[in-house]
Amino acid sequence: MIENKQLIICRCEEVTYEQLQSTARQHTCSARELKLRTRAGMGFCGGRTCRIALDAIMDSFIPDENKAVIPLKYQPPIRPVSFGTVGGRHD
Amino acid sequence: MTDLIVIGSGPAGLAGAIAAAGTGLRVTVVDEFIRPGGRLLGQLHQEPSGEWWNGIKEAEKLQHEAHALGINIRCGVSVYNIETAEAGWKVYTNEGVLEAPFVLIATGAAEYPIPVPGWTLPGVMSIGAAQVMTNVHRVQAGRKGIIIGANILAFAILNELQLAGIKVDRVVLPEKNAVSRQAGEPEAVIRSLLNAAHLAPSALLRFGSRLMKNETIRNIGTRFYPKNGLKINGTPLQLRKAAVEIIGTEQVEGVRTVDIDAYGHVIPGTDRLYEADFVCIAGGLYPLAELAAVAGCPFEYIPELGGHVPRHSETMATPLPGLFVAGNITGIESGKVAMAQGTAAGLSIAKQAGKQAAASGRQLEQAIEHVRTIRQQVAIQFHPDIELGRSQMNEQWKAHEGTSVQPGEKIG
């Protein structure tokens with residue numbers, strides 16, 4: 001349990017513990033769905049900062065997911081890049 | 001033309017590049033930081049032998065060796081994607097796309113913070129950030145700091161801050177909750193610290209360590225752990241206090257704590273406020289494996305190695321052709337182990353590339369043996385059951401050997 005409900009877990013998207021908890025309760029959802037509904041872990045840093053905390057929190061809501069599977073998918077670009085870079089411009 | 005792209009110029013990446021280039025392979029190293037060395041750059045400590053380990057010097061040595069072999073080290077280059085190409089791999093960077101038949105991912109580890117109310121205030125940083133400020137940028141993090149979290153990484157960096165003359169007022173635990181879990185339980189923290197007794201911060205812990213392996217004595221030890229803590233070179237280690245909030249309006253002004261029992265339960269009416277102008281949160285390290293995941297490498301979940309780790313062999317190969325890993329991406333260990341793993345990876349790649357096949361076969365065996373030897377010798381051991389984690393990975397590798405994996409298959 002986390003006492004302070006306003007505690008920010010994902011800094012980039014400013015998602016609080018309370019938002020995660022109420023969303024998980026309301027939708028009894030998977031880790032992936034919880035991420036998509038709240039945007040936790042989907043901000044500028046790509047979840048590098050809050051990933052471990054999110055995993056632990058999600059596990060406390062919905063335990064016993066298959067541990068061999070990474071709960072929150074990694075997707076490119078894994079670093080912030082401009083559209084120009086992705087489009088092949090490097091000036 | 002490049003035969004091998006190494007991602008990450010830390011101890012693993014540089015050692016891997018050097019070993020591969022030594023057999024005649026053309027190697028390019030990319031790193032997103034402004035100078036090579038990775039986490040070596042922050043390291044400064046005294047070995048149990050009395051010798052000093054200066055990471056900056058070690059990084060310079062590796063860099064010179066790499067330059068002598070004609071290795072191209074490109075700093076300030078971020079990799080944001082990796083895909084299979086016709087013959088090998090395409091590595092997408094902010095400076096364009098690189099292509100090579102072999103890639104060594106040596107991206108190391110990332111820190112994870114434990115969220116504490118007020119942790120978004122300016123002046124709150126990860127313990128690793130305090131290390132980089134101090135030893136790499138030579139910037140004083142603040143006048144008076146508090147460390148939240150008592151683990152090996154925190155003690156190593158506390159010592160570095162003290163060496164730099166930066167005042168750390170105290171070390172306290174995070175409040176026990178769904179995120180901090182065992183890091184918020186004095187009993188569990190003592191148990192993990194005892195496993196590193198040879199670098200224990202105080203004579204009492206060091207003296208008591210053998211005694212404290214006995215559970216009953218350990219429980220008594222935790223219960224009677226001095227309220228004001230044991231001092232580590234003048235900084236109290238207060239295992240019976242937990243940080244409940246970081247206070248401040250514009251920036252950090254202090255930390256509110258409560259007293260806790262041996263299992264992390266709060267003792268009511270024990271609120272205290274300690275002044276500070278910076279706070280370091282020491283959560284821990286986890287393997288930074290984003291690129292291996294994006295490439296489609298299968299993972300294993302092995303807590304002893306730090307969590308999700310790309311499946312790999314002792315020759316540092318992944319199930320994906322041409323894709324190798326070394327260093328902390330394979331499990332959280334000392335920089336010296338990372339270096340030894342890098343060498344093994346470099347030789348392994350050389351062997352696959354058909355360079356000095358006979359000679360490097362023997363060399364490779366020796367390099368793998370060297371990883372094991374170094375693992376037993378190192379001063380800083382992040383997980384007491386690292387050997388168990390390593391053998392689990394080897395078993396997983398053997399269990400899956402021969403099953404084909406399609407690159408690009410998205411994992412997670």
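Computation of the quantities below employed the complete heavy-atom set of this structure, encompassing side-chain atoms and omitting hydrogens, waters and symmetry-equivalent molecules. As the structure is a computational prediction, the values presented were derived from the model and not from experiment. Order of the sequence lines sets the chain letters (A, B, ...), proteins ahead of strands, with each chain counted from 1.
- Proximity to chain B (any heavy atom under 4.5 Å) is restricted, for A/Ser60, to the side chain, taken from C-beta onward.
- Using a 4.5 Å cut-off between heavy atoms, B/Tyr92 makes no contact with chain A at all.
- The part of B/Ser78 that comes within reach of chain A is its side chain, from C-beta onward, which places non-hydrogen atoms under 4.5 angstrom from that chain.
- Contacts of A/Ile9 with chain B are made by both backbone and side-chain atoms, with heavy-atom separations under 4.5 Å.
- Of the two parts of B/Val116, only the backbone, made up of N, CA, C and O, holds a non-hydrogen atom closer than 4.5 Å to a non-hydrogen atom of chain A.
- Minimum interatomic distance between B/Cys75 and B/Phe33 (heavy atoms only, all atoms of both residues): CB-O, 3.2 Å.
- Using modelled atom types, one finds no donor on one side chain facing an acceptor on the other under 3.5 Å when comparing B/Gln392 with B/Glu300.
- Only the side chain of B/Leu288 comes within less than 4.5 Å of a heavy atom of chain A; its backbone N, CA, C and O stay farther away.
- Contacts of B/Glu111 with chain A are made by backbone atoms alone, with heavy-atom separations under 4.5 Å and no side-chain atom involved.
- Between the side chains of B/Thr28 and B/Thr2, at least one donor N or O sits under 3.5 Å from an acceptor N or O.
- Using a cut-off of 4.0 Å between Lys/Arg side-chain N and Asp/Glu carboxylate O, B/Lys176 and B/Glu185 are scored as salt-bridged.
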- Query: Going through the distances and angles, do A/Gln19 and A/Thr16 end up as a side chain to side chain donor-acceptor pair (under 3.5 Å)?
  - Reply: CA-CA 5 Å; A/Gln19 283 170 290; A/Thr16 63; 3.2 Å; yes
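- Of the N and O atoms on the side chains of B/Ser9 and B/Arg74, not one donor lies less than 3.5 Å from an acceptor on the other residue.
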